Protein chains: 2
Amino acid sequence: MTVPGDRRKFRREGADQRKEALVRATLELIAEEGVRGATVRAIAERAEVTQGLIRHYFSTKEDLVLAAYTRHMGAMTDQTFASAVGTTAKARLAALLVASVTPPVVDAASVGLWAGFLNHVRQDARMQDVHARTYHGFRDRLEALIAEVLRDAGRGADDRECRRLAIACNAVIDGLWLEGGALPQAFEAGELAEIAVQSVGAILGLDLTEAEAQQ
Amino acid sequence: MTVPGDRRKFRREGADQRKEALVRATLELIAEEGVRGATVRAIAERAEVTQGLIRHYFSTKEDLVLAAYTRHMGAMTDQTFASAVGTTAKARLAALLVASVTPPVVDAASVGLWAGFLNHVRQDARMQDVHARTYHGFRDRLEALIAEVLRDAGRGADDRECRRLAIACNAVIDGLWLEGGALPQAFEAGELAEIAVQSVGAILGLDLTEAEAQQ
DNA sequence: AGGTTAATTATGCAAGCGTATAATTAACCG
DNA sequence: CGGTTAATTATACGCTTGCATAATTAACCT
């Protein structure tokens, strides 16, 4: 004799909101324990649904992981460039640098997410696609911004040189992003931003600190 | 009626060699699939033993993973500093930079390993210990080398400044290491080394290219 | 209101996981 | 050469995994 209320109560939601909640839960768990640690059951629990529902929206775990990755990569790039505002190219570059090494772009979860995805991306062609698109998109925009900054400063630079500078600046950004996310307690507030602006300025042979202040 | 030879043949080995083989297999698998993907059975298979043997040498999987991590971190640091030879501090710094962004330090497996370990390190106090020791050890040695280079160049720098420069240089190294390992096909041979030497030179306000050539 | 249906839960299955323990056997010693 | 023993294999247990399918039920439509 089973009492009613035995079965779990639930509210119906639109497909978009449920998918969104599942993706968010997936990202959280991948950040904490990697793709393999983000089990279907754990994801369902964090999204406050039962595991069967996942299969209703994503035909396989792999599909869910891909959706989560795509959403995350887009959000990262958008977040970073959204902060890169300013009247001059120099100011926009400085703002971009600061945003890249400051929360919420820099944080432990974000680095954890990156690490959690890395090996998975290597073994899945669809994820490699998303990655390549995002990465090169970011670097191209950075390269264009650098070219503009150099032009404003009256310093022409050919494509090869611009490419090299973009790679170097990107490396500084990535390196600081990495260290800031992996060892947050190792740096004082603003220290990473200061280092980023000074280092990229040094690489480009320009003083970016004024641009940072002015903005 | 079981025929003899049913049971697998094996050769006995010394404890050190077996442990070494198990650690190596563990590192390979963690680089490919993360800690969770490096299952006891997969490790045993790659080391060409049966899974029971792992328990004979390491009382738990966690112990094996810790041993592998400790060995890997030590090897990375040793490998990098072993290349940092030269008559002047400047030459040693240049050599260190080149080694840091060149195989075998830079390679896909190494970055995969780093990513595979990251989230695991976060959740295990013993591994955090090993990590902190290795990381700070590396940065301290880099900072000392930078201080020496600046002194040789007649440019005094207080501790705070040296620390900042070491962080920035370390970030460049890490960033290039990361990009080189994650996207090997994105760079031409020697491109990363050139960028590293030029960028760190720019950050320190010195020309390191001569030192690199002379060495 | 009450029937319909798609969103959600519940249950089950085969494979893989870490760990424990018993059975073998290669290598060493006297 | 035969006995001893530690290195190694074999087997098993309980739990978790991704996936499949059946059973419910909340919300919408007329």
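Values in this document were obtained by computation on a predicted structure and should not be read as measured data. Chain letters run A, B, ... following the sequence lines, proteins first and then strands; every chain starts at 1.
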Asks: CZ of B:Phe58 versus P of D:dT8: gap in Å, rounded?
Replies: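 Between P of D:dT8 and CZ of B:Phe58: 12 Å.
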
Asks: Name the residue closer to the 5' end of DNA chain C, choosing between B:Ala38 and A:Glu48 according to the nucleotide with the nearest heavy atom.
Replies: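 By nearest-heavy-atom nucleotide position, the 5'-most residue is A:Glu48.
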
Asks: Does a nitrogen or oxygen in the side chain of B:Thr39 sit under 4.0 Å from OP1 or OP2 of C:dG16?
Replies: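 No, no such contact exists.
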
Asks: Scan side-chain atoms only and decide if A:Asp63 and A:Tyr57 contain a donor-acceptor pair under the 3.5 Å cut-off.
Replies: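 There is no such pair between these side chains.
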
Asks: Using a cut-off of strictly less than 4.0 Å, decide whether A:Arg7 has a side-chain nitrogen or oxygen near OP1 or OP2 of C:dA10.
Replies: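 Checking C:dA10 against A:Arg7, no side-chain N or O comes under 4.0 Å of OP1 or OP2.
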
Asks: Any side-chain N or O of A:Thr60 less than 4.0 Å from the OP1 or OP2 oxygen of D:dC19?
Replies: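 Answer yes for this pair, as a side-chain N or O of A:Thr60 is under 4.0 Å from OP1 or OP2.
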
Asks: In residues 11-18 of chain A, which ones come under 4.0 Å of DNA chain D, going by heavy atoms?
Replies: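 Per residue number, the list reads A:Arg11, A:Arg12.
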
Asks: Does A:Tyr57 make a side-chain N or O approach to OP1 or OP2 of C:dA7 shorter than 4.0 Å?
Replies: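 Answer no for this pair, as no side-chain N or O of A:Tyr57 is under 4.0 Å from OP1 or OP2.
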
Asks: Determine, step by step, whether B:Ile195 and A:Ile203 satisfy the side-chain contact (heavy atoms from CB on, under 4.5 Å) criterion, reporting the C-alpha distance in whole Å, the side-chain angles of both residues, the deciding distance to 0.1 Å, and the verdict.
Replies: CA-CA 10 Å; B:Ile195 293 172; A:Ile203 290 171; over 6 Å; no

Asks: Can you say whether a donor on the side chain of B:Arg55 sits under 3.5 Å from an acceptor on the base of C:dG18, or the other way round?
Replies: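 Per atom types, no contact qualifies.
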
Asks: Nearest heavy atom decides the nucleotide; on that basis, is A:His56 or A:Gln51 closer to the 5' end of DNA chain C?
Replies: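 By nearest-heavy-atom nucleotide position, the 5'-most residue is A:His56.
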
Asks: Looking at the base of D:dG18, is there any donor atom on it, or on the side chain of A:Arg41, that sits under 3.5 Å from an acceptor on the other one?
Replies: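 Side chain to base: pair present.
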
Asks: What is the distance, rounded to the nearest whole Å, between atom CD1 of A:Ile54 and atom P of C:dT11?
Replies: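 Going from A:Ile54 (CD1) to C:dT11 (P), I get 18 Å.
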
